[in-house]
Asker: 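Have a look at this one before I ask anything.
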Amino acid sequence: MKQLLYSLVLLVLLLSVYLVFNMRNQYTELNNVIYQQSREIQLLRDNMAKLKFTSSIEGLPTIYVITPTYARNVQKAELVRLQNAFRLVPNLHWIIVEDSSTKTSLVKNLLREFPQNSTHLNILTPQEMKIQPKESWWKKPRGVLQRNLALSWLRENIPASGVLYFADDDNTYSVELFEEIRNTEKVSVLPVGLVGGVLVEKPRVSGGKVVGWDVGWGAERPFATDMAGFAVNLQYFKEHKGVQFLEKVRIGFSESEFLKLLVSLEQLEPVSIGRVLVWHTRTEKPNLNRENEFKRKNGKNSDYGIEI
Ligand code: UGA
Ligand code: MN
């Protein structure tokens with residue numbers, strides 16, 4: 001009887017040792033599979049990023065697209081929307097300038113996966129230049145230092161010719177827009193949708209020349225266009241030394257003051273006539289009224305361990 005019990009205990013023991021051993025083996029195997037698969041996923045991701053959806057085309061002028069950006073909940077969504085459009089445009093060089101004292105990994109990762117040339121810069125807007133808590137959102141110009149840094153970078157680092165375009169991170173861009181501005185000789189101007197209190201702001205064109213501006217607001221501005229409404233030839237820009245955006249400027253006059261330093265009305269090249277290819281969309285602030293409650297219940301924010 002005792003013997004049988006011993007044998008049983010021994011059997012159970014052996015069985016558990018076998019089971020534990022087997023489980024450990026299976027666990028290590030599983031771990032290896034996971035490791036292997038995540039490596040493969042990473043490799044695939046890297047390759048996919050490098051796979052150019054549009055190859056670069058020889059002889060086609062490069063468009064240098066300048067995007068100021070700052071950290072907020074919707075930042076990644078905004079930049080991904082832009083990235084999805086820009087990756088379809090051949091010969092586009094994306095310059096992202098963060099309004100930050102450091103280069104964040106969010107932007108770094110985004111540009112790492114961008115299949116075209118890109119440049120990552122940063123400069124923090126000092127507190128006194130930012131909108132104060134009780135001030136209206138339109139009281140101070142935004143993205144000024146960031147665009148100016150990109151302009152100095154272009155002056156110093158790009159000897160080749162090309163075209164520059166300012167693409168704020170919250171607008172919506174059609175891929176076709178870039179073909180309209182690609183052959184800009186001095187400064188081209190184009191319609192912009194959903195801006196300045198009207199459905200469309202556009203240059204008034206007569207006989208192929210700009211003769212004024214169809215706008216809802218600020219028609220007295222010499223160049224009544226939004227930041228998204230013009231492009232500049234890079235060579236031409238570089239010939240105009242010292243041209244940049246003013247830090248202190250009458251509200252709504254940033255673009256006009258900038259263009260005044262570069263061209264006259266008669267010299268403007270109207271493009272995209274009769275077509276809106278860029279929209280001055282502004283992203284709604286997301287409703288996060290349950291985030292605190294989520295944290296209280298779960299001990300963690302909903303974005304714990306995941307980038308949004
Ligand atoms: C309008 C124009 O479309 C902008 O080109 C112009 O810069 C702005 O007015 C102005 O008055 O300065 P709006 O939609 O009101 O645009 O401006 P935002 O989109 O909020 O800001 C323009 C750009 O600056 C964006 O790319 C944004 O990411 C960036 N920004 C904004 C910063 O880099 N830092 C900030 O603190 C705020
Ligand atoms: Mn905007």
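Atoms within a ligand are numbered from 1 in the order they appear, just like the ligands themselves.
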Asker: Can Trp94 and Thr67 be counted as having a side-chain donor-acceptor contact under 3.5 angstrom?
Answerer: yes
Asker: Where is the nearest protein heavy atom to atom 19 (O) of ligand 1: which residue, which atom, and how far?
Answerer: Asp170 OD2, 2.9 Å
Asker: Should you measure from each heavy atom of His280, which atoms of ligand 1 turn up under 4.0 Å away?
Answerer: 1 (C), 2 (C), 3 (O), 13 (P), 14 (O), 16 (O)
Asker: What protein N/O/S atoms lie closer than 2.8 Å to the Mn ion (ligand 2)?
Answerer: Asp170 OD1, Asp170 OD2
Asker: Please list the nearest protein heavy atom to atom 34 (N) of ligand 1 with its residue and the distance rounded to 0.1 Å.
Answerer: Asp99 OD2, 2.7 Å
Asker: State whether Tyr173 and Arg81 meet the cation-pi test: NZ (Lys) or CZ (Arg) under 6.0 Å from the six-membered ring centroid, and within 45° of the perpendicular axis.
Answerer: no
Asker: Among all protein heavy atoms, pick the one closest to atom 22 (C) of ligand 1 and tell me residue, atom and distance.
Answerer: Asp168 OD2, 3.4 Å
Asker: For ligand 1, which atoms have a heavy atom of Met227 less than 4.0 angstrom away?
Answerer: 5 (O)
Asker: Got the closest protein heavy atom to atom 14 (O) of ligand 1, with its distance?
Answerer: Arg282 NE, 2.8 Å
Asker: For atom 15 (O) of ligand 1, which of the options Met129, Arg142, Lys130, Lys140 provides the nearest non-hydrogen atom?
Answerer: Arg142
Asker: So which atom in Asn122 and which in Thr102 form the shortest heavy-atom distance, rounded to 0.1 Å?
Answerer: ND2-N, 3.5 Å
Asker: Using every non-hydrogen atom in the two residues, find where Val192 and Ala228 come nearest and quote the distance to one decimal.
Answerer: CG2-C, 3.8 Å
Asker: For Glu269 and Lys186, which heavy atoms make the closest approach, and how far apart are they?
Answerer: OE2-N, 2.6 Å
Asker: Could you tell me, atom by atom, which parts of ligand 1 come under 4.0 Å of a heavy atom of Gly143?
Answerer: 24 (O)
Asker: Among all protein heavy atoms, pick the one closest to atom 6 (C) of ligand 1 and tell me residue, atom and distance.
Answerer: Arg147 NH2, 4.0 Å
Asker: Do His280 and Glu201 have side-chain atoms, one donor and one acceptor, less than 3.5 Å apart?
Answerer: no
Asker: Heavy-atom pairs closer than 4.0 Å: do any link ligand 1 to the side chain of Gln75, the backbone, both, or neither?
Answerer: neither
Asker: Does the Lys NZ or Arg CZ of Arg221 fall within the cation-pi geometry relative to Phe223 - under 6.0 Å from the ring centre and within 45° of the axis?
Answerer: no
Asker: Which residue supplies the protein heavy atom nearest to atom 27 (C) of ligand 1, what is that atom called, and how far is it?
Answerer: Asp169 OD1, 3.6 Å
Asker: Closest approach of Pro90 and Glu179, non-hydrogen atoms and distance?
Answerer: CD-OE2, 4.1 Å
Asker: Just which atoms of ligand 1 are under 4.0 Å from any heavy atom in Asp226?
Answerer: 2 (C), 3 (O)
Asker: Among protein heavy atoms, which sits nearest to atom 30 (N) of ligand 1, and what does the distance come to when rounded to 0.1 Å?
Answerer: Tyr70 CD2, 3.4 Å
Asker: Quick check: closest heavy atoms across Ala160 and Gln235, and the distance to 0.1 Å?
Answerer: O-OE1, 3.7 Å
Asker: Show the nearest heavy-atom pair for residues Gln116 and Asn91, with the distance to one decimal.
Answerer: OE1-N, 3.7 Å
Asker: Between Pro141 and ligand 1, is there a nitrogen or oxygen pair with a distance under 3.5 Å?
Answerer: no
Asker: Considering only protein heavy atoms, which is closest to atom 26 (O) of ligand 1, and at what distance to one decimal place?
Answerer: Pro68 O, 2.7 Å
Asker: Thinking salt bridges, do Glu135 and Lys140 make one under a 4.0 Å N-O criterion?
Answerer: yes
Asker: Do the charged groups of Lys202 and Asp226 touch, with an N to O distance under 4.0 Å?
Answerer: no
Asker: Quick one: which residue pairs count as a side-chain hydrogen bond (donor to acceptor under 3.5 Å, both in side chains) with a foot in residues 293-308, not counting sequence neighbours?
Answerer: Lys76-Glu307, Glu291-Asn301, Glu291-Ser302, Glu293-Lys297
